[in-house]
Amino acid sequence: MSANTIQITFPDGSVRSYPAGVTGLDIARSISEGLAREVLAVKVNDEVWDATRPIEQDAQIRLLTWRDPEGKATFWHSSAHLMAEALETLFPGVKFGVGPAIEQGFYYDVDLGGRQLTEADIRALEQKMTELAQRKASYVRKPVAKAEAIAYFKEKGDPYKLELLEDLPDGQITFYTQGNFTDLCRGPHIPHTGFIKAVKLTNIAGAYWRGDEHNPMLTRIYGISFPSQKELDAYLQWLEEAKKRDHRKLGKELELFTFSEQVGMGLPLWLPKGTIIREQLQAFLHEVQVAQGYQFVVTPHIANKKLYVISGHYEKYGESSFQPMKTPQPGEEFMLKPMNCPHHIEIYRSAPRSYRDLPIRIAEFGTVYRYEQSGELHGLTRVRGFTQDDAHLFCRPDQVKEEFEKVIDLVLLVLNTLHFKDFVAQISLRDQHDHSKYIGCEESWQQAEQAIVDAVQEKQLPAVVEYGEAAFYGPKLDFMVRDALGRKWQLGTIQVDYNLPERFQLEYVGADNQKHRPVMIHRAPFGSLERFVALLIEHCAGNFPLWLAPVQAIVLPITDKVLDYARELVAEGKKAGLRITLDERNEKIGKKIRDAETQKIPYMWIVGEKEMQQHHIALRKHMKGDIGNLPVADVINKLNTEIAEKYFEL
RNA sequence: GCCAGCAUAGCUCAGUUGGCCAGAGCAGCUGAUUUGUAAUCAGCUGGUCGGGGGUUCGAAUCCCUCUGCUGGCUCCA
């Protein structure tokens with residue numbers, strides 16, 4: 001075999017020979033012209049390359065198109081460059097930060113020198129991007145020496161790029177040029193701008209340079225692009241649909257919760273209907289936890305400041321939380337509790353504990369208050385007063401693994417019951433470079449981090465590791481769920497903690513009659529009731545499973561000749577434990593049905609003279625329509641079965 | 001907290017370049033209608049246009065400021 005022939009291995013395992021220097025695009029063309037027209041990039045031995053970059057050695061490759069996540073990312077990253085070119089054309093002198101692809105689209109951080117972008121500017125940018133795209137300018141990769149790169153951006157006057165260059169090693173720097181725009185960029189990029197057929201700049205936001213609030217704030221322009229107008233339209237339609245699921249909108253429409261400026265920002269007021277959902281969830285969790293050996297406690301909403309000085313919370317959050325409240329007693333200070341753990345620790349300490357008693361599982365639906373930054377508040381997902389389905393497990397070191405796994409099972413039970421299928425378990429570890437924000441010794445942290453990693457492996461959870469996301473006293477396993485718009489939120493959390501037992505000098509007497517230190521596990525399967533309900537609303541679009549629905553059934557009499565029968569049915573339903581109401585308004589049945597559908601009430605009991613005579617119900621299901629004419633007893637039975645099963649349907 | 005945008009009746013929204021007593025639909029109340037699977041008809045009630053200040057003969061509309069909300073950034077025990 002000649003020296004300038006290389007072996008290319010395809011994803012299906014087949015191998016073909018190509019001349020050295022072949023590009024992904026060449027390979028695609030050798031398969032089919034159609035494929036060549038679609039190829040955006042190529043994955044060469046686990047690294048994504050430009051489709052136009054020569055491959056010099058044997059390699060495993062996969063051709064990437066719009067259908068591949070990496071293909072989309074490349075497409076969007078190239079779109080960011082295109083936007084940068086448009087920006088530079090329209091607003092000469094603009095300085096560039098970074099412009100990556102994100103999960104849905106891309107952004108570029110720019111310094112516009114104080115200029116504020118208007119709606120018209122945005123439209124003009126979109127138009128310019130489309131115009132530039134039509135030129136089908138190639139994205140040209142060029143390795144450059146560091147000195148050359150520095151010279152280029154000095155000449156151009158781009159301080160942010162120069163700062164980025166400082167951290168890059170010489171010999172690994174590349175420039176990409178398309179049209180009249182050259183950027184410092186690792187790549188890869190799509191072959192040319194012509195692939196970008198539809199562009200939408202979605203919003204503008206401020207963003208600190210390099211994510212540091214001490215740095216100047218740049219203007220971040222978000223956008224998304226597609227290979228066809230049709231796909232952009234579909235995306236925009238999806239956005240519209242997602243907005244209808246917004247828990248803030250549904251919460252108002254379905255009268256679940258509200259906020260009052262008078263009460264204070266971030267302090268939710270649960271309305272009667274929302275409270276039913278909350279209490280049903282609470283009852284569910286109460287039941288499964290008691291079955292698993294948890295003991296429920298109740299503790300006050302405030303505690304002496306000293307408690308948080310011991311726990312370390314005061315040092316860490318004292319300045320940025322609700323401030324201590326004074327009492328008539330000089331020098332005495334109390335704080336709203338931001339956590340339940342110190343209270344539970346004091347319960348543990350209220351009696352001597354034997355190794356035989358462990359694990360002790362102390363649970364509470366505890367309401368806590370945290371002074372979240374005003375800009376952070378968001379509906380029910382980020383609030384200043386919320387209720388955790390909290391518990392603290394005090395166990396012997398040898399019990400940590402088993403207890404941790406049991407908690408994982410509990411979280412999974414909760415997520416499964418509410419049909420949260422696409423969660424991700426996030427292993428939140430310390431910042432690898434900065435241990436100063438954490439309390440406790442190195443050994444404790446390593447033990448705790450290892451315990452979590454082991455447990456996740458054992459349970460084979462879909463997991464990602466995030467450094468720097470740990471709590472200050474220990475690592476966490478967080479269960480992340482997406483909202484209607486795809487934003488990730490932490491729901492359940494499990495934390496292994498060797499530090500607070502140390503700080504509070506917790507003890508138990510071992511089999512050896514010596515004192516030992518227990519290990520704590522903090523855990524909350526819902527996280528907070530508020531956030532959980534918010535995500536649940538978005539997840540089911542307000543169409544709650546019957547066991548949670550605030551109103552489970554409504555009786556709709558066709559005329560008021562059957563009002564008495566309707567009232568009788570309400571009484572029967574209530575007697576059977578159903579949350580049932582009656583629509584006795586003087587309206588036509590179509591109107592009553594429409595209103596019940598709008599209110600997303602799961603079952604409508606429609607009754608006229610015919611039903612009255614047979615003691616029947618014409619049963620109608622929300623979003624499904626007429627189910628049929630059934631005896632009352634059958635209907636009640638059916639509903640109660642559905643409730644008992646916690647049946648969930650999307 | 002930072003950047004940007006928004007704020008009109010309980011809800012969803014109109015309100016042209018600052019100019020007649022600020023409008024509509026839904027909801028609510030009255031009345032008529034007695035209805036068979038997603039909106040019956042008519043009448044009425046309801047807003048000092050988020051608060052405060054300013055410019056102007058005149059402000060929902062322009063400016064300042066405060067409050068709240070929205071999207072991001074930072075933060076998230």
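Chain A is the first sequence line, chain B the second, and so forth, proteins listed ahead of strands; every chain is numbered from 1.
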Is any side-chain N or O of A:E611 under 3.5 Å from a base N or O of B:rG36, one able to act as donor and the other as acceptor? yes
From the candidates B:rA77, B:rG36, B:rG72, the one with an atom nearest any side-chain atom of A:R487 is B:rG72
Determine the Euclidean distance between corresponding C1' atoms of B:rU55 and B:rU61; express it in Å to zero decimal places. 13 Å
Any-strand Watson-Crick or G-U partner of B:rU48, both distances under 3.5 Å: none
With respect to the side chain of A:Y208, which nucleotide from B:rU37, B:rC2, B:rA77 is positioned closest? B:rC2
Measuring from atom NE2 of A:H343 to atom CD of A:E364, what distance do you get when rounded to the nearest 0.5 angstrom? 8.0 Å
For the pair A:E119 and A:R123, find out whether any cationic side-chain nitrogen is under 4.0 Å from an anionic carboxylate oxygen. yes
Distances for protein N or O near nucleotides 13-15 of chain B N or O, under 3.5 Å:
none

How far, in whole Å, is B:rU56 from B:rC64 if one measures between their C1' atoms? 16 Å
Could you measure between the two P atoms, the one in B:rG72 and the one in B:rU30, and give it in whole Å? 45 Å
Considering only heavy side-chain atoms of A:K252, the closest of B:rU37, B:rC11, B:rG71 is B:rC11
When you measure only distances, ignoring hydrogens and angles, does the side chain of A:R382 come within 3.5 Å of the base of B:rC75 through a donor and an acceptor? yes
In whole Å, what separates the P atom of B:rU8 from that of B:rA14? 10 Å
In whole angstrom, give me the gap between the C1' atoms of B:rC2 and B:rA60. 30 Å
Mark yes or no: A:K305 above the aromatic ring of A:Y314, with NZ or CZ under 6.0 Å from the six-membered ring centre and no more than 45 degrees from the axis. yes
Please identify which of these residues, A:E103, A:E469, A:E466, meets the salt bridge (Lys or Arg N to Asp or Glu O under 4.0 Å) condition with A:K488. A:E103
Does the ring of A:Y317 meet both stacking tests against the six-membered base ring of B:rA77: centre distance under 5.5 Å and plane angle under 30°? yes
Could you give the distance separating B:rA42 and B:rG25 at their P atoms, to the nearest angstrom? 10 Å
Any N/O donor-acceptor pair, A:R620 side-chain to B:rA38 base, under 3.5 Å: yes
On RNA chain B, more 5' by nearest nucleotide between A:D246 and A:C341 is A:D246
With distance as the sole criterion, is a donor-acceptor pair present between the side chains of A:Y473 and A:Q495 under 3.5 Å? yes
Ignoring the backbone of A:Y222, work out which of B:rC73, B:rU35, B:rA77 is nearest its side chain. B:rC73
In whole angstrom, give the distance that lies between atom NZ of A:K249 and atom P of B:rC6. 20 Å
Determine the interatomic distance between P on B:rU45 and the same-named atom on B:rC29; round to the nearest Å. 16 Å
For residues A:Y108 and A:F96, establish whether the separation of their ring centroids is below 6.0 Å. yes
Return the nucleotide paired to B:rG10: Watson-Crick means purine N1 to pyrimidine N3 with N6-O4 or O6-N4, wobble means G-U with N1-O2 and O6-N3, both under 3.5 Å. B:rC26
Check this for me: does any side-chain nitrogen of one of A:D483 and A:R245 sit under 4.0 Å from a carboxylate oxygen of the other? no
Report which part of the nucleic acid A:K243 touches: base, sugar-phosphate, or nothing (heavy-atom distance under 4.0 Å, all strands). nothing
Pick the closest RNA chain B nucleotide for A:S374 and for A:G211 by heavy atoms, then say which residue is nearer the 5' end. A:S374
Against the side chain of A:K591, the closest entry in B:rU40, B:rG71, B:rA77 is B:rU40
With rounding to whole Å, what would you report as the distance between B:rG28 and B:rG10 at their C1' atoms? 9 Å
Cationic tip of A:R384 within the cone over A:Y369's six-membered ring, i.e. under 6.0 Å and within 45° of the normal? no
